[in-house]
Enquirer: 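Okay, here's the structure, questions in a sec.
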Amino acid sequence: MANVQCNDTDTLCPENCDEQQLPTVKFDDCSPENNESEIEWLAVAKSDAADFADVEDLTEWTTRIAQIAAETPPDPDDTIRMIRVVGDKPAPEVQTRVVSGNRTIQTGKTHTLNVEIDETNEVNYEFARSTACNATYKLWYVTRAGLVYGGICGVKGQMILNLIQARGAGEIEKYVGTVTWEDKIDPPRANFPLAGTVNF
């Protein structure tokens, strides 16, 4: 599979029926937990950037986030750019195969984030244009609930952004596009240690 993800696929899925476990569940009539789902940040790094030791560690994030490209990039370059978006993640496209005994197995999923950037300054425009180069990135995404998805490794995916210029008075330019990756399982989630931060 292209861009194989390094998170918890192997440990989450049992190898046979004897190893299958029924995970814990939790529901609460008095205080149910709900989380706002809109995606508001993408954390983007080069595809070969280092993994996190602890994705909830504040120091690791603040050490790596840099919005301005250095004239001489660090080596190795583990820098993360924080991109403010309005986004969503619909259900992934599931690939299945029917095997012997008329059993259906899931062979993979294509995940897609739909994102819009509405702050269309020249700097962001050049970033959006650069996504036409078919690069693979290492990414994490953060929701309004302050949850970061991607685990210690992030997800390796492709991001393509396009300039959209709508007609009509009061319309604004946007950079609209997708982030896509292949993985059998949704990415791990954690608490984002910079939740609530509006400037990086």
Enquirer: Mind checking whether V44 and V176 sit in one hydrophobic cluster, side chains of I, L, V, M, F, W, Y counted as touching below 4.5 Å?
Expert: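 No, no single cluster joins them.
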Enquirer: Is the side chain of T197 donor-acceptor paired with the backbone N or O of L194 at a distance under 3.5 Å, no angle test?
Expert: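 Here the side-chain-to-backbone pair exists.
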Enquirer: Which heavy atom in T79 sits nearest to a heavy atom in A45, and how many Å separate them?
Expert: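 Minimum heavy-atom separation between T79 and A45: O-CB, 3.4 Å.
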Enquirer: Kindly state each residue pair satisfying salt bridge (charged side-chain N to carboxylate O under 4.0 Å, His left out) with at least one member in residues 126-144, sequence neighbours excluded.
Expert: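 As it turns out, the salt bridge (charged side-chain N to carboxylate O under 4.0 Å, His left out) pairs with a partner in residues 126-144, which skip direct neighbours, are E36-R144, E38-R144, D51-K138, E126-R129.
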Enquirer: Can you confirm whether more than 12 heavy atoms, excluding those of N16, are under 6.0 Å from its CG atom?
Expert: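 Atom CG in N16 is crowded, with more than 12 foreign heavy atoms closer than 6.0 Å.
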Enquirer: Just how far is it from atom CZ of F127 to atom CD of E122, taken to the nearest 0.5 Å?
Expert: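 Those atoms lie 14.5 Å apart.
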Enquirer: Is the number of heavy atoms from other residues, nucleotides or ligands within 6.0 Å of CD1 (I68) greater than 12?
Expert: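 Count not over threshold, so no.
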Enquirer: Does the side chain of E182 come under 3.5 Å of the side chain of T110 through a donor N or O and an acceptor N or O?
Expert: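 There is such a pair between these side chains.
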Enquirer: Step by step, would you call R84 with W41 a side-chain contact (heavy atoms from CB on, under 4.5 Å)?
Expert: CA-CA 5 Å; R84 192 166 213 170; W41 293 100; 3.5 Å; yes
Enquirer: Would you please name every residue forming a salt bridge (Lys or Arg N to Asp or Glu O under 4.0 Å) with R64, sequence neighbours left out?
Expert: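 Residues passing salt bridge (Lys or Arg N to Asp or Glu O under 4.0 Å) with R64: none at all.
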Enquirer: For the OH atom of Y175 and the CG atom of N162, what is their distance to the nearest 0.5 Å?
Expert: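 Going from the OH atom of Y175 to the CG atom of N162 covers 12.0 Å.
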Enquirer: Supply the atom-to-atom distance L163 CG to I117 CD1, rounded to the nearest 0.5 angstrom.
Expert: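 Those atoms lie 11.5 Å apart.
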Enquirer: Please list, chain by chain and in numerical order, all residues satisfying side chain to side chain donor-acceptor pair (under 3.5 Å) with T62, sequence neighbours excluded.
Expert: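 T62 satisfies side chain to side chain donor-acceptor pair (under 3.5 Å) with no residue once adjacent residues are dropped.
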Enquirer: Tell me, which pairs form a salt bridge (charged side-chain N to carboxylate O under 4.0 Å, His left out) where one or both residues lie in residues 92-108, sequence neighbours left out?
Expert: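 Of all non-adjacent pairs touching residues 92-108, none passes salt bridge (charged side-chain N to carboxylate O under 4.0 Å, His left out).
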Enquirer: Quick one: does any side-chain atom of H111 pair with a main-chain N or O of D186 as donor and acceptor, under 3.5 Å?
Expert: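 It does not hold such a pair.
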Enquirer: Got a second to check how far E119's CD is from I83's CD1, nearest 0.5 Å?
Expert: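 Those atoms lie 12.0 Å apart.
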Enquirer: Please tell me if the side chains of I105 and T96 come closer than 4.5 Å, counting only heavy atoms from C-beta onward.
Expert: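 No, their side chains stay 4.5 Å or more apart.
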Enquirer: Of all residues at least two apart in sequence or in a different chain, which pass the ring-ring contact (aromatic ring centres under 6.0 Å, His included) check with F52?
Expert: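 Expected list: W61, W140.
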Enquirer: Same cluster for L161 and V123 if Ile/Leu/Val/Met/Phe/Trp/Tyr side chains link at under 4.5 Å?
Expert: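 No, no single cluster joins them.
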Enquirer: Without swapping roles, check the side chain of T107 against the backbone of Q95 for a donor-acceptor pair under 3.5 Å.
Expert: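 At least one qualifying donor-acceptor pair exists.
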Enquirer: Is it the case that more than 12 heavy atoms not belonging to E15 sit under 6.0 Å from its CD atom?
Expert: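 Atom CD in E15 is not packed in, count stays at 12 or less.
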Enquirer: Would you sort out whether L42 and V115 count as a side-chain contact (heavy atoms from CB on, under 4.5 Å), showing the intermediate values?
Expert: CA-CA 9 Å; L42 292 180; V115 297; 4.2 Å; yes
Enquirer: Measure the OG1-NZ distance between T143 and K89 for me, rounded to the nearest 0.5 Å.
Expert: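 Those atoms lie 12.5 Å apart.
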Enquirer: Is the closest side-chain donor-acceptor distance between N35 and E33 under 3.5 Å?
Expert: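 Looking only at side-chain atoms, E33 and N35 do form a donor-acceptor pair, the distance falling under 3.5 Å.
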Enquirer: Could you note down all residue pairs passing ring-ring contact (aromatic ring centres under 6.0 Å, His included) where residues 74-108 supplies at least one of them, sequence neighbours left out?
Expert: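 Listed by first then second residue: nothing to list.
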Enquirer: Identify, with sequence neighbours excluded, every residue that meets side chain to side chain donor-acceptor pair (under 3.5 Å) alongside D54.
Expert: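 Partners of D54 by the side chain to side chain donor-acceptor pair (under 3.5 Å) criterion come out as none, since no residue qualifies.
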Enquirer: Pairs in or reaching into residues 13-35: which pass ring-ring contact (aromatic ring centres under 6.0 Å, His included), with residues at least two apart or in two chains?
Expert: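 For residues 13-35: none.
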Enquirer: Which heavy-atom pair separates A195 from G146 by the least distance, and what is that distance?
Expert: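 A195 and G146 have their closest heavy atoms at CB-CA, 3.8 Å.
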Enquirer: Would a 4.5 Å heavy-atom cut-off, applied to side chains only, mark L147 and N191 as touching?
Expert: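 Result yes, sub-4.5 Å side-chain heavy-atom pair found.
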Enquirer: Other hydrophobic cluster members with L22, side-chain heavy atoms of Ile/Leu/Val/Met/Phe/Trp/Tyr under 4.5 Å, chained?
Expert: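 None; L22 is a cluster of one.
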Enquirer: Which pairs, with at least one residue in residues 63-93 and sequence neighbours excluded, count as a ring-ring contact (aromatic ring centres under 6.0 Å, His included)?
Expert: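 Checked against ring-ring contact (aromatic ring centres under 6.0 Å, His included) - neighbours excluded - no pair reaches residues 63-93.
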Enquirer: Which residues pass the side chain to side chain donor-acceptor pair (under 3.5 Å) test with Q165, sequence neighbours left out?
Expert: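 E173.
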Enquirer: Dump the intermediate steps for salt bridge (charged side-chain N to carboxylate O under 4.0 Å, His left out) on D78 and K46, then the final yes or no.
Expert: CA-CA 7 Å; D78 298 326; K46 291 174 60 176; over 6 Å; no
Enquirer: Can you list everything that forms a ring-ring contact (aromatic ring centres under 6.0 Å, His included) with Y149? Sequence neighbours excluded, please.
Expert: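 ring-ring contact (aromatic ring centres under 6.0 Å, His included) check on Y149 returns Y141.
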Enquirer: Taking all non-hydrogen atoms of both residues into account, name the closest pair between A190 and E56 and its distance.
Expert: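 Here A190 and E56 meet closest at CB-OE2, 3.4 Å.
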Enquirer: Got a second to check how far T63's OG1 is from I80's CD1, nearest 0.5 Å?
Expert: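 Answer for the OG1-CD1 pair, T63 versus I80, is 10.0 Å.
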Enquirer: Report yes or no: does R81 contribute a side-chain atom to a donor-acceptor pair with the main-chain N or O of A66 at less than 3.5 Å?
Expert: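 Side chain of R81 to backbone of A66, a donor-acceptor pair under 3.5 Å: yes, one is there.
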Enquirer: Donor-acceptor pair, distance only, cut-off 3.5 Å: does the side chain of D118 make one with the backbone of K174?
Expert: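 Pair absent, no side-chain N/O of D118 close to backbone of K174.
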Enquirer: If you group Ile, Leu, Val, Met, Phe, Trp and Tyr by side-chain heavy-atom gaps below 4.5 Å, do I164 and Y125 land in one group?
Expert: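 The answer is no; the residues belong to distinct hydrophobic clusters.
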Enquirer: In a check of side chain to side chain contact (heavy atoms under 4.5 Å, CB included) between T180 and each of I160, L113, V155, T112, which one passes?
Expert: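 Testing T180 for a side chain to side chain contact (heavy atoms under 4.5 Å, CB included) against I160, L113, V155, T112 leaves exactly one candidate, T112.
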Enquirer: With the side chain counted from C-beta on, respond yes when D88 and P90 share a heavy-atom pair under 4.5 Å apart, and no when they do not.
Expert: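 Result yes, sub-4.5 Å side-chain heavy-atom pair found.
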